[in-house]
Amino acid sequence: MKKLMLAALLMGFGSYNAAIAAEPVVDSKGKEKIGVVSASNAYSLDDLSEALSHEASEKGATSYKIISTSGDNRMHGVAEIYR
């Protein structure tokens, strides 16, 4: 029973984190730019996008636009963040 409760609790935290994550945007019209964030050491574009979304959310952004990526084995990226 304890394992089931722990699993349910962990799943709840995962869905909460997904709900507050910043969303990627293509067009930033009508949004207020509030800064820039960066992330490093990602193994794929998906990992990099997730890391940038997390950084954007920590800064209070609701959305972000990736403006630069680089790297071979480990990726680095920069994103503008918006409210």
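These numbers come from a predicted model, not from an experiment. Sequential numbering from 1 along the given sequence is applied to the chain's residues.
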Sub-4.5 Å side-chain heavy-atom contact between [X] and [Y]:
X: Lys31; Y: Ser63; answer: yes
X: Leu48; Y: Thr69; answer: yes
X: Tyr82; Y: Lys65; answer: yes

Nearest 0.5 Å, please: how far is CG in Asn41 from CZ in Arg74?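 If I round to the nearest 0.5 Å, the distance is 5.0 Å.
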Practice problem: Please check if any side-chain donor atom of His76 sits under 3.5 Å from a side-chain acceptor atom of Ser40, or the reverse. | Solution: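 Per modelled atom types, His76 and Ser40 side chains form a pair under 3.5 Å.
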*Residue pair Ser49 / Tyr64, side-chain donor-acceptor N/O under 3.5 Å*: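 Per modelled atom types, Ser49 and Tyr64 side chains form a pair under 3.5 Å.
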Item to complete: Measure across Ala22 and Ser53 and return the closest heavy-atom pair with its distance rounded to 0.1 Å.
Response: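 The answer is O-OG, 2.8 Å.
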So, applying side chain to side chain contact (heavy atoms under 4.5 Å, CB included) with Ile81, which one of Val37, Thr62, Leu52, Val36 is it?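 Among Val37, Thr62, Leu52, Val36, the one meeting side chain to side chain contact (heavy atoms under 4.5 Å, CB included) with Ile81 is Val37.
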Self-check item: Within 6.0 angstrom of Glu50 CD, more than 12 heavy atoms from elsewhere
Solution: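 At most 12 heavy atoms, drawn from other residues, nucleotides or ligands, come within 6.0 Å of this atom.
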Exercise. Verify the cluster assignment for Ile66 and Met75: are they in a single hydrophobic cluster under the rule of side-chain heavy atoms below 4.5 Å apart?
Key: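 Same cluster.
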